Number of protein chains: 2
Amino acid sequence: MSIDVKTVCLGILSLGDGSGYDLKKRFESTFGHFFQAGYGSIYPALAQLAETDLVSCCEVLEEGKPAKKIYRITESGRHELVKTLESTTPTHKIRSEFLAVLYFAELIGPAQLDRIINHRVGEMQDVLRLLDELKHDSAADQGPGPRFVRGFGETILRAALDYIETHRAELCAGHEGHEPKLQPVSRTAT
Amino acid sequence: MSIDVKTVCLGILSLGDGSGYDLKKRFESTFGHFFQAGYGSIYPALAQLAETDLVSCCEVLEEGKPAKKIYRITESGRHELVKTLESTTPTHKIRSEFLAVLYFAELIGPAQLDRIINHRVGEMQDVLRLLDELKHDSAADQGPGPRFVRGFGETILRAALDYIETHRAELCAGHEGHEPKLQPVSRTAT
DNA sequence: CGCAACATGTAAGCGGTTACATGATTAC
DNA sequence: GTAATCATGTAACCGCTTACATGTTGCG
């Protein structure tokens, strides 16, 4: 039993009812920095949860709006959630193409290196801004869990940004004076 | 074109020849903290690289040892590597069941919470120790790239450990005084 | 008129994990 | 003898990503 999209959906629903579309937004704002999920995962997950009666579902037809399906966690859903959360030893996996590329920084032209780092820095700043909004958003759940997790993300992102700005110069030290011998990449082929 | 196991294998081979078994070890020590790969990914990757002539392969039969296949990057392999590294905008993805669980900390018994956090802290300390060994290991490549990446890992891990130790107490504040109402999990079922 | 936001889904494909299968050598 | 290390691979499975498919409302 592991923590998959289904479990997290169940968890989010334990904090309040919502539609698939809703859940996606909550995923993005609150979980985006450490757990991603798209519609292609969320909708099937909700369907499965409904099938096993861990959530109930009712269709809402408002005029002037597309039809919605609001999901609500059931009692057995709450039990299952707690059981799952407690019976697992949760993982924490990083898959960083970014660091993989930087490992081979010496092979890359300085301009490309700059582009890559700037792009990543931009992404991190975006997430940081998101987390900051979250902090000042009273609507977002402010229990100990959410606060801890948000703070964790903030701390790690700041540390990473700081590290990058402090050490990025050293990366370029590798190829100073000699231009990369390779022709510029002609096309983003294959 | 993205940075997959194949590309990283090619990259590692650009720093020196090696067998699949070797590569796995280098993956673990140097890339373990941000990019995982098992035999089930590495061997097929090497086979594919050899098929497309990005690496060459020769079998080595030493007495008193199992047969080995030593792979070596080719010229076209080096070109392909640089092209791939430069033509991508590398991602950095975190998938943290750990943070997902902590987000719902209020639902979990204090003992379980403790176990989960201690386990994760242990893992992080292990990786930190590994990185420290790497730092004092002159055999490990000490170019700017490897140094940057190792330092990055170290910095983030220290920041994370520090954050956890500073804020873990606040997590338990949620359920003080009232024991969790649920029966202890009977079995790690399903 | 077109685009963004609201809203729900399906299906193919991909990459990686896990388990399986095998076998030699070395050290305890 | 038996466990650990060295050594190579295959195949099933699984979950997630991506692309596809469709339709409404409201705003500029």
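Since the model is a prediction, treat every value here as computed from it, not as a measurement. Here is the naming used below: chain letters follow the sequence lines, and residue numbers restart at 1 for every chain.
Atom CD in B:Q48 sits about 12 Å away from atom P in C:dC14, given to the nearest Å. Atom CG in B:L46 sits about 13 Å away from atom P in C:dG16, given to the nearest Å. One interatomic measurement links the two molecules: OH of B:Y21 to C1' of C:dG23, which rounds to 13 Å at whole-angstrom precision. Here the C1' atom of nucleotide D:dT24 and the CD atom of A:E59 are 15 Å apart, to the nearest Å. In this entry the distance linking CD1 of A:I3 with C1' of D:dC16 reads 17 Å, nearest Å. Rounding to whole angstrom units, CD1 of residue B:I42 and C1' of D:dC6 are separated by 15 Å. Note: CG (A:L61) to P (D:dT24) measures 14 Å, nearest angstrom. Regarding B:Y71, its OH atom lies at a distance of 9 Å from the C1' atom of D:dT8, rounded to whole Å.
Relative to the side chain of B:K69, the nucleotides D:dT8, C:dG16, C:dA7 differ in distance, and D:dT8 lies closest. Listed nucleotides D:dG9, C:dA7, C:dG16 differ in distance to A:Y43; the shortest reach to its side chain belongs to C:dA7.
Smallest separation of non-hydrogen atoms from A:L171 and B:P144: CD2-O, 3.7 Å. The two atoms that bring B:Y43 and B:G20 nearest to each other are CE2-CA, 3.8 Å, heavy atoms only. B:L46 approaches B:L13 most closely through the heavy-atom pair CD2-CD1, 3.9 Å. Smallest separation of non-hydrogen atoms from A:S2 and B:E97: CB-OE2, 4.0 Å.
Between B:F31 and A:Y103, the gap from one ring centroid to the other is short of 6.0 Å.
Proximity of residues 22-37 of chain B to DNA chain D (heavy atom under 4.0 angstrom from any strand atom) is restricted to B:K25.
Phosphate contact (OP1/OP2 of D:dC6, side-chain N/O of B:S19, threshold under 4.0 Å): absent. Residue A:Y39 places none of its side-chain N or O atoms closer than 4.0 Å to OP1 or OP2 of C:dG9.
Residue contacts shown for B:G20 are limited to sugar-phosphate atoms, with no base heavy atom under 4.0 Å away. Here B:A67 lies in heavy-atom contact (under 4.0 Å) with sugar-phosphate atoms only.
A:R95 and B:T91 share no donor-acceptor pair across their side chains, judged by distance under 3.5 Å alone.
Residues satisfying the ring-ring contact (aromatic ring centres under 6.0 Å, His included) test with B:F98, not counting sequence neighbours, are none.
Nearest-nucleotide mapping onto DNA chain D: of B:R95 and B:P44, the residue sitting toward the 5' end is B:P44.
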